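As structure tokens, the structure follows; a few thoughts come after it.
On a predicted model such as this, the values are computed, not experimentally measured, just so you know.
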Amino acid sequence: MKKLSDRQNVNLSPNEAGAPRLSDIAYERILESLFERKVPVGAFISQNELSAIVDVPVAPLRDALRVLEAEGILTIHPRSGIQFVRPGLELTRSTYQFRSIVERAAVRVFAEEADENITNALEVRHSRLLRRIERDGMGPEQLLEMDALELDLHGHIIQALRNPLIDSAYKRMHNYLRLLRLERKVTAPILMRTLKEHLDILEACATRNADAAEKALQAHFQAAMQRNLGLV
């Protein structure tokens, strides 16, 4: 998702050939405002207030809100306002259940068929970041690289299925995952544990061991769910 600053010059005229739809722009900006904490998690806000925050007219904003409501990101209360979801046990459980069902199948294919250049490059990046955190601790650069590694590793695993329907559903699921992380406390030890779990998956994939890769992935998801619930 592009940063808002990258879209400041977007012409919002729907009559311009090739211009993005206003409702699509509103959709992206609403999510961005939530993930960047411009709108607090669980906030109750009016459509006019949200329209001002995301700088999109109310009419296309309503179209985007209906889509986001269908995706479970918010609830529209007629003549009252918009209630954004607050992550909790049920959303956490549902998100990781979905990830487990889809990625356990995908990681078996990834382990058996993935390009060695991809797995080797991911392993090198994970190992380098792990050493940096061990040496220097956690900072903004390390967090950005960790986010990139999360997207790259799990993205490659999902892409191994070569299923556009799953790709689309997984992108929506990633919004839930980002919501869960908004209220998660991140520390250097947590990042290092996550990196080591990723490396276990990659080690299994490097040896083309689908059973070990699935087992390592499931262990990673169980640990990640516990971290999101604040249990570890």
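To the nearest 0.5 Å, atom OG1 of residue Thr187 and atom NZ of residue Lys185 are 7.5 Å apart. For the atom pair CD of Glu145 and NE2 of His126, the computed distance is 8.5 Å after rounding to the nearest 0.5 Å. The CG atom of Leu191 sits 7.5 Å away from atom CG of Leu129, with the distance rounded to the nearest 0.5 Å. Taken from SG in Cys205 to CG in Leu153, the straight-line distance is 8.0 Å, to the nearest 0.5 Å. Atom CZ of Arg181 sits about 6.5 Å away from atom CG of Asp147, to the nearest 0.5 Å.
Val102 and Leu161 make their closest contact through O-CD1, 4.2 Å (heavy atoms, listed as atom of the first residue, atom of the second, distance). Considering all non-hydrogen atoms of both residues, Arg125 and Ala148 come closest at NH2-CB, 3.9 Å. The minimum heavy-atom distance linking Ile30 with Ala64 is given by the pair CD1-CB, 4.1 Å. Looking at every heavy atom in both residues, Leu195 comes nearest to Ile133 through CD1-CD1, 3.8 Å. Contact detail for Ala106 and Ile157: the closest heavy-atom pair is CB-O, 3.2 Å. In plain terms, the two heavy atoms of Gln218 and Ser100 that are nearest each other are OE1-OG, 2.8 Å.
Both Met192 and Val186 sit in one connected hydrophobic cluster of ILVMFWY residues. Membership requires side-chain heavy atoms under 4.5 Å apart, directly or through other members. If you chain together hydrophobic residues whose side chains sit under 4.5 Å apart, Leu68 and Ile53 fall into the same group.
Within a 6.0 Å radius of CD in Glu141, other residues, nucleotides and ligands contribute 12 heavy atoms or fewer. Taking a 6.0 Å sphere around CD of Glu203, one finds it holds 12 or fewer heavy atoms contributed by other residues, nucleotides or ligands. The local environment of CZ in Arg93 is crowded, with over 12 non-hydrogen atoms from other residues, nucleotides or ligands closer than 6.0 Å.
At distances below 3.5 Å, at least one donor-acceptor pair connects side-chain atoms of Arg29 with backbone N or O atoms of Val54. Judged purely by atom type and a 3.5 angstrom limit, Ser168 has no side-chain atom pairing as donor or acceptor with the backbone of Leu165. Side-chain atoms of Arg178 do not come within 3.5 Å of backbone N or O of Leu34 as any donor-acceptor pair. Of the possible donor and acceptor atoms, one in the side chain of Ser51 sits under 3.5 Å from a partner among the backbone N and O of Val56.
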With side chain to side chain contact (heavy atoms under 4.5 Å, CB included) as the criterion, how do Asp63 and Arg21 come out once you've worked through the C-alpha distance, each side chain's angles and the decisive distance to 0.1 Å?
CA-CA 11 Å; Asp63 293 335; Arg21 294 190 308 169; over 6 Å; no
Step-by-step side chain to side chain contact (heavy atoms under 4.5 Å, CB included) determination, Val41 to Val85
CA-CA 7 Å; Val41 173; Val85 67; over 6 Å; no
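Between Tyr96 and Phe221, the two ring planes are perpendicular [angle over 60°; tilted spans 30° to 60°].
Glu49 is listed as a side-chain neighbour of Ile45, based on a closest heavy-atom distance under 4.5 Å.
The distance between the ring centers of Tyr170 and His154 does not fall below 6.0 angstrom.
Using a 4.0 Å cut-off between charged nitrogen and carboxylate oxygen, Arg162 and Glu113 count as a salt-bridge pair. Under the 4.0 Å criterion applied to side-chain N and carboxylate O atoms, Arg208 and Glu112 are not assigned as salt-bridge partners.
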